[in-house]
Amino acid sequence: MSPSAQKGAGAGEVLLAVENVSLRFGGVKALTEVSFDIRKGEIRAIIGPNGAGKTSMLNCINGFYHPSEGRITFKGETRRKMRPHEAARGGIARTFQNVALFKSMSTLDNIMAGRSLKMNTGFFWQLFRHGPAMREEVAHRKVVEDIIDFLQIPHIRRTPVGRLPYGLQKRVELGRALAMEPDLLLLDEPMAGMNLEEKEDMSRFIIEVNQQFGTTIALIEHDMGVVMDLSDRVVVLEYGRKIADGTPDQVKGDPRVIDAYLGVAH
Ligand SMILES: Nc1ncnc2c1ncn2[C@@H]1O[C@H](COP(=O)(O)OP(=O)(O)OP(=O)(O)O)[C@@H](O)[C@H]1O
(Lines give C-alpha, C1' and ligand atoms only; values in the text may rest on other atoms or scores of the structure.)
Protein backbone atom coordinates (compact mmCIF):
# COMPACT_ATOMS: atom_id res chain seq x y z
CA MET A 1 0.00 0.00 0.00
CA SER A 2 1.26 3.50 -0.77
CA PRO A 3 2.07 5.76 2.18
CA SER A 4 -0.70 8.12 1.14
CA ALA A 5 -3.22 5.27 0.96
CA GLN A 6 -2.39 4.42 4.57
CA LYS A 7 -3.91 7.75 5.64
CA GLY A 8 -7.33 6.19 5.13
CA ALA A 9 -9.01 7.00 1.88
CA GLY A 10 -11.45 9.84 1.98
CA ALA A 11 -11.10 10.65 5.65
CA GLY A 12 -11.13 14.32 6.57
CA GLU A 13 -13.13 17.43 5.87
CA VAL A 14 -14.05 18.63 2.40
CA LEU A 15 -11.60 21.25 1.10
CA LEU A 16 -13.17 21.69 -2.32
CA ALA A 17 -16.59 20.63 -3.59
CA VAL A 18 -17.58 20.54 -7.25
CA GLU A 19 -21.35 20.45 -7.67
CA ASN A 20 -23.15 19.79 -10.94
CA VAL A 21 -20.54 21.62 -12.96
CA SER A 22 -21.15 21.87 -16.69
CA LEU A 23 -18.92 23.63 -19.20
CA ARG A 24 -19.69 24.31 -22.84
CA PHE A 25 -17.59 25.66 -25.67
CA GLY A 26 -20.18 26.59 -28.27
CA GLY A 27 -21.68 23.24 -29.23
CA VAL A 28 -19.03 21.18 -27.39
CA LYS A 29 -19.96 19.97 -23.93
CA ALA A 30 -16.61 19.63 -22.20
CA LEU A 31 -18.23 18.86 -18.82
CA THR A 32 -21.75 17.74 -17.97
CA GLU A 33 -23.10 17.93 -14.42
CA VAL A 34 -19.91 16.74 -12.74
CA SER A 35 -19.86 16.50 -8.93
CA PHE A 36 -17.10 15.32 -6.62
CA ASP A 37 -15.12 16.57 -3.67
CA ILE A 38 -11.52 16.84 -2.60
CA ARG A 39 -10.85 16.26 1.07
CA LYS A 40 -8.23 17.98 3.14
CA GLY A 41 -4.90 16.15 3.09
CA GLU A 42 -5.70 13.63 0.36
CA ILE A 43 -4.18 12.91 -3.02
CA ARG A 44 -7.05 12.89 -5.48
CA ALA A 45 -6.62 11.75 -9.07
CA ILE A 46 -8.76 12.82 -12.01
CA ILE A 47 -8.47 10.30 -14.82
CA GLY A 48 -10.19 9.47 -18.10
CA PRO A 49 -9.44 8.93 -21.78
CA ASN A 50 -8.25 11.79 -24.04
CA GLY A 51 -10.79 14.57 -24.31
CA ALA A 52 -12.71 13.38 -21.22
CA GLY A 53 -12.69 16.87 -19.69
CA LYS A 54 -9.91 16.53 -17.10
CA THR A 55 -7.98 19.70 -17.95
CA SER A 56 -11.26 21.59 -18.35
CA MET A 57 -12.12 20.52 -14.80
CA LEU A 58 -8.80 21.82 -13.43
CA ASN A 59 -9.33 25.02 -15.38
CA CYS A 60 -12.72 25.48 -13.70
CA ILE A 61 -11.22 24.82 -10.27
CA ASN A 62 -8.50 27.44 -10.62
CA GLY A 63 -10.62 30.03 -12.40
CA PHE A 64 -9.27 29.78 -15.96
CA TYR A 65 -12.74 28.78 -17.08
CA HIS A 66 -16.07 29.65 -15.54
CA PRO A 67 -18.58 26.79 -15.41
CA SER A 68 -21.68 27.32 -17.55
CA GLU A 69 -23.65 25.75 -14.71
CA GLY A 70 -23.01 24.45 -11.24
CA ARG A 71 -20.81 25.70 -8.47
CA ILE A 72 -17.48 25.19 -6.78
CA THR A 73 -16.93 25.62 -3.05
CA PHE A 74 -13.40 26.07 -1.76
CA LYS A 75 -12.64 26.38 1.96
CA GLY A 76 -16.34 26.91 2.58
CA GLU A 77 -16.70 29.73 0.04
CA THR A 78 -18.98 29.12 -2.92
CA ARG A 79 -18.45 30.84 -6.23
CA ARG A 80 -19.57 30.90 -9.80
CA LYS A 81 -16.70 33.00 -11.04
CA MET A 82 -13.16 33.51 -9.84
CA ARG A 83 -10.06 34.76 -11.65
CA PRO A 84 -6.87 32.64 -11.63
CA HIS A 85 -4.96 35.18 -9.51
CA GLU A 86 -7.80 35.17 -6.97
CA ALA A 87 -7.65 31.38 -6.84
CA ALA A 88 -3.90 31.58 -6.36
CA ARG A 89 -4.21 34.12 -3.55
CA GLY A 90 -6.92 31.93 -2.02
CA GLY A 91 -4.49 28.99 -1.88
CA ILE A 92 -4.83 27.08 -5.17
CA ALA A 93 -1.60 26.55 -7.14
CA ARG A 94 -1.14 24.53 -10.30
CA THR A 95 1.27 23.16 -12.82
CA PHE A 96 0.51 22.72 -16.49
CA GLN A 97 0.41 19.88 -19.02
CA ASN A 98 3.10 21.64 -21.03
CA VAL A 99 5.61 23.22 -18.69
CA ALA A 100 4.90 26.94 -18.31
CA LEU A 101 8.10 28.51 -16.99
CA PHE A 102 10.14 31.60 -17.89
CA LYS A 103 12.67 29.73 -20.03
CA SER A 104 15.46 32.31 -20.00
CA MET A 105 15.24 32.80 -16.25
CA SER A 106 17.12 30.64 -13.74
CA THR A 107 15.57 27.94 -11.55
CA LEU A 108 15.94 30.28 -8.58
CA ASP A 109 14.20 33.20 -10.29
CA ASN A 110 11.37 31.02 -11.58
CA ILE A 111 10.66 29.69 -8.11
CA MET A 112 11.04 33.21 -6.68
CA ALA A 113 8.42 34.36 -9.22
CA GLY A 114 6.02 31.84 -7.68
CA ARG A 115 6.72 33.50 -4.37
CA SER A 116 5.74 36.97 -5.58
CA LEU A 117 2.14 36.41 -4.51
CA LYS A 118 3.33 36.23 -0.93
CA MET A 119 5.28 39.48 -1.15
CA ASN A 120 3.75 42.46 0.57
CA THR A 121 6.03 45.37 -0.19
CA GLY A 122 5.09 47.48 -3.17
CA PHE A 123 6.79 47.93 -6.47
CA PHE A 124 8.62 51.08 -5.32
CA TRP A 125 10.53 49.29 -2.55
CA GLN A 126 11.11 46.22 -4.70
CA LEU A 127 12.61 48.43 -7.38
CA PHE A 128 15.30 49.79 -5.08
CA ARG A 129 15.73 46.55 -3.12
CA HIS A 130 15.72 48.75 -0.11
CA GLY A 131 14.38 48.87 3.44
CA PRO A 132 11.30 46.69 3.95
CA ALA A 133 11.66 45.11 0.50
CA MET A 134 15.20 44.00 1.27
CA ARG A 135 14.19 42.35 4.55
CA GLU A 136 11.20 40.73 2.91
CA GLU A 137 13.26 39.43 0.03
CA VAL A 138 15.72 37.78 2.41
CA ALA A 139 12.87 35.94 4.15
CA HIS A 140 11.29 34.84 0.85
CA ARG A 141 14.64 33.80 -0.49
CA LYS A 142 15.05 31.45 2.48
CA VAL A 143 11.73 29.74 1.67
CA VAL A 144 12.78 29.39 -1.96
CA GLU A 145 16.20 27.98 -1.02
CA ASP A 146 14.46 25.45 1.25
CA ILE A 147 12.25 24.37 -1.66
CA ILE A 148 15.31 24.01 -3.89
CA ASP A 149 16.95 21.78 -1.27
CA PHE A 150 13.75 19.79 -0.77
CA LEU A 151 13.49 19.11 -4.52
CA GLN A 152 17.21 18.25 -4.65
CA ILE A 153 18.00 20.79 -7.36
CA PRO A 154 20.68 23.07 -5.83
CA HIS A 155 23.05 22.19 -8.69
CA ILE A 156 20.72 23.86 -11.21
CA ARG A 157 19.69 26.88 -9.17
CA ARG A 158 21.49 29.32 -11.53
CA THR A 159 20.74 27.47 -14.78
CA PRO A 160 18.23 29.02 -17.21
CA VAL A 161 15.35 26.53 -17.17
CA GLY A 162 15.18 26.42 -20.97
CA ARG A 163 18.49 24.53 -20.91
CA LEU A 164 17.28 21.85 -18.49
CA PRO A 165 16.02 18.42 -19.49
CA TYR A 166 12.24 18.13 -19.44
CA GLY A 167 12.05 16.08 -16.22
CA LEU A 168 13.95 18.77 -14.31
CA GLN A 169 11.80 21.53 -15.81
CA LYS A 170 8.76 19.71 -14.41
CA ARG A 171 10.46 19.64 -11.01
CA VAL A 172 11.16 23.38 -11.17
CA GLU A 173 7.53 23.98 -12.07
CA LEU A 174 6.52 21.99 -9.00
CA GLY A 175 8.89 24.18 -6.98
CA ARG A 176 7.27 27.33 -8.30
CA ALA A 177 3.83 26.06 -7.30
CA LEU A 178 5.15 25.07 -3.84
CA ALA A 179 6.56 28.57 -3.36
CA MET A 180 2.96 29.75 -3.09
CA GLU A 181 2.50 27.46 -0.07
CA PRO A 182 -0.84 26.34 -1.46
CA ASP A 183 -3.64 24.58 0.41
CA LEU A 184 -4.56 22.81 -2.82
CA LEU A 185 -2.01 21.87 -5.45
CA LEU A 186 -3.31 20.98 -8.93
CA LEU A 187 -0.92 18.96 -11.08
CA ASP A 188 -1.79 18.50 -14.74
CA GLU A 189 0.06 15.39 -15.95
CA PRO A 190 3.11 15.81 -13.71
CA MET A 191 4.81 12.71 -15.21
CA ALA A 192 4.10 13.38 -18.90
CA GLY A 193 7.16 12.84 -21.08
CA MET A 194 9.24 11.42 -18.24
CA ASN A 195 11.31 8.26 -18.16
CA LEU A 196 10.82 5.66 -15.43
CA GLU A 197 13.44 7.09 -13.10
CA GLU A 198 12.08 10.63 -13.44
CA LYS A 199 8.57 9.32 -12.76
CA GLU A 200 9.75 7.59 -9.61
CA ASP A 201 11.43 10.81 -8.43
CA MET A 202 8.33 12.89 -9.15
CA SER A 203 6.09 10.33 -7.37
CA ARG A 204 8.33 10.53 -4.33
CA PHE A 205 8.20 14.34 -4.30
CA ILE A 206 4.42 14.34 -4.62
CA ILE A 207 4.07 11.97 -1.67
CA GLU A 208 6.57 14.01 0.39
CA VAL A 209 4.80 17.30 -0.37
CA ASN A 210 1.55 15.70 0.73
CA GLN A 211 2.98 14.17 3.88
CA GLN A 212 5.52 16.76 5.04
CA PHE A 213 3.56 19.91 4.24
CA GLY A 214 0.07 18.43 4.49
CA THR A 215 -0.74 19.85 1.06
CA THR A 216 -3.88 18.53 -0.56
CA ILE A 217 -3.18 17.42 -4.13
CA ALA A 218 -5.39 16.86 -7.16
CA LEU A 219 -3.65 15.43 -10.18
CA ILE A 220 -4.40 14.40 -13.72
CA GLU A 221 -2.29 11.48 -14.86
CA HIS A 222 -2.42 8.96 -17.67
CA ASP A 223 0.02 6.47 -16.15
CA MET A 224 -2.35 4.12 -14.35
CA GLY A 225 0.40 2.53 -12.27
CA VAL A 226 1.30 5.95 -10.87
CA VAL A 227 -2.34 6.89 -10.28
CA MET A 228 -3.17 3.69 -8.44
CA ASP A 229 -0.01 3.94 -6.35
CA LEU A 230 -0.26 7.59 -5.35
CA SER A 231 -3.94 8.35 -4.96
CA ASP A 232 -6.24 8.06 -2.01
CA ARG A 233 -9.29 8.44 -4.27
CA VAL A 234 -9.86 8.61 -8.01
CA VAL A 235 -12.60 10.31 -10.01
CA VAL A 236 -13.08 9.03 -13.56
CA LEU A 237 -14.44 11.17 -16.40
CA GLU A 238 -15.54 10.08 -19.85
CA TYR A 239 -16.99 12.40 -22.50
CA GLY A 240 -17.30 15.12 -19.85
CA ARG A 241 -19.34 13.01 -17.43
CA LYS A 242 -18.29 11.36 -14.20
CA ILE A 243 -18.49 7.59 -14.59
CA ALA A 244 -16.82 6.42 -11.37
CA ASP A 245 -15.47 7.73 -8.07
CA GLY A 246 -13.76 5.83 -5.27
CA THR A 247 -10.57 4.26 -4.02
CA PRO A 248 -8.08 2.99 -6.61
CA ASP A 249 -9.27 -0.59 -6.01
CA GLN A 250 -12.92 0.41 -6.42
CA VAL A 251 -12.43 2.24 -9.73
CA LYS A 252 -10.02 -0.38 -11.10
CA GLY A 253 -12.72 -3.01 -10.87
CA ASP A 254 -15.57 -0.81 -12.15
CA PRO A 255 -16.92 -2.21 -15.45
CA ARG A 256 -17.63 1.32 -16.80
CA VAL A 257 -14.01 2.28 -16.22
CA ILE A 258 -12.74 -0.89 -17.86
CA ASP A 259 -15.02 -0.18 -20.86
CA ALA A 260 -13.86 3.44 -21.08
CA TYR A 261 -10.23 2.38 -21.24
CA LEU A 262 -10.63 -0.66 -23.50
CA GLY A 263 -8.95 0.02 -26.77
CA VAL A 264 -7.68 3.39 -25.58
CA ALA A 265 -3.91 3.51 -25.81
CA HIS A 266 -2.20 5.27 -22.88
N1 LIG B 1 -10.80 26.11 -25.22
C2 LIG B 1 -11.55 25.17 -25.80
N3 LIG B 1 -12.35 25.45 -26.85
C4 LIG B 1 -13.13 24.50 -27.41
N5 LIG B 1 -13.18 23.22 -26.99
C6 LIG B 1 -12.40 22.87 -25.96
C7 LIG B 1 -11.55 23.82 -25.30
N8 LIG B 1 -10.89 23.18 -24.29
C9 LIG B 1 -11.32 21.91 -24.32
N10 LIG B 1 -12.23 21.72 -25.31
C11 LIG B 1 -12.92 20.48 -25.63
O12 LIG B 1 -13.46 19.98 -24.43
C13 LIG B 1 -13.32 18.57 -24.37
C14 LIG B 1 -12.53 18.19 -23.13
O15 LIG B 1 -11.18 18.62 -23.30
P16 LIG B 1 -10.08 18.52 -22.13
O17 LIG B 1 -8.82 19.11 -22.68
O18 LIG B 1 -10.63 19.08 -20.89
O19 LIG B 1 -9.92 16.93 -22.01
P20 LIG B 1 -8.79 16.10 -21.27
O21 LIG B 1 -9.49 14.99 -20.57
O22 LIG B 1 -7.95 16.99 -20.45
O23 LIG B 1 -7.96 15.52 -22.50
P24 LIG B 1 -6.40 15.09 -22.62
O25 LIG B 1 -6.24 13.85 -21.81
O26 LIG B 1 -6.25 14.83 -24.08
O27 LIG B 1 -5.59 16.24 -22.13
C28 LIG B 1 -12.66 18.13 -25.66
O29 LIG B 1 -13.68 17.75 -26.56
C30 LIG B 1 -11.96 19.38 -26.12
O31 LIG B 1 -11.83 19.41 -27.53
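Just follow the structure's listing: the first ligand is 1, and inside any ligand the first atom is 1.
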| field | Proximal candidate to atom 25 (O) of ligand 1 [heavy atom criterion; set K29, R24, K54, E221] | value | K54
| field | Option set A30, G26, G51, G27, criterion heavy-atom distance to atom 12 (O) of ligand 1, minimum | value | A30
| said: Is a donor from one side chain sitting under 3.5 angstrom from an acceptor on the other, for S203 and D229? | reply: no
| field | Listed once per pair and sorted, the side-chain hydrogen bond (donor to acceptor under 3.5 Å, both in side chains) pairs that draw on residues 152-162, sequence neighbours left out | value | E145-R157
| Non-hydrogen atom of G48 closer than 4.0 Å to ligand 1 | no
| request: Decide whether the shortest distance between a heavy atom of M57 and an atom of ligand 1 is less than 4.0 Å. | output: no
Check each atom of ligand 1 against the heavy atoms of [X] and keep those under 4.0 Å away; list them by number with element.
{"X": "Y65", "value": "1 (N), 8 (N)"}
{"X": "A52", "value": "19 (O), 20 (P), 21 (O)"}
{"X": "H222", "value": "25 (O)"}

| task | Please determine if F25 has a nitrogen or oxygen closer than 3.5 Å to a nitrogen or oxygen of ligand 1. | result | no
| What do you reckon, is CZ of F102 surrounded by more than 12 foreign heavy atoms closer than 6.0 Å? | no
| Flag if over 12 foreign heavy atoms under 6.0 Å of CD, E197 | no
| said: Looking at S231 and V234, would you say the former's side chain and the latter's main chain have a donor-acceptor pair under 3.5 Å? | reply: no
| query | Residues two or more places apart in sequence or in another chain: which of them pass side chain to side chain donor-acceptor pair (under 3.5 Å) with R163? | reply | none
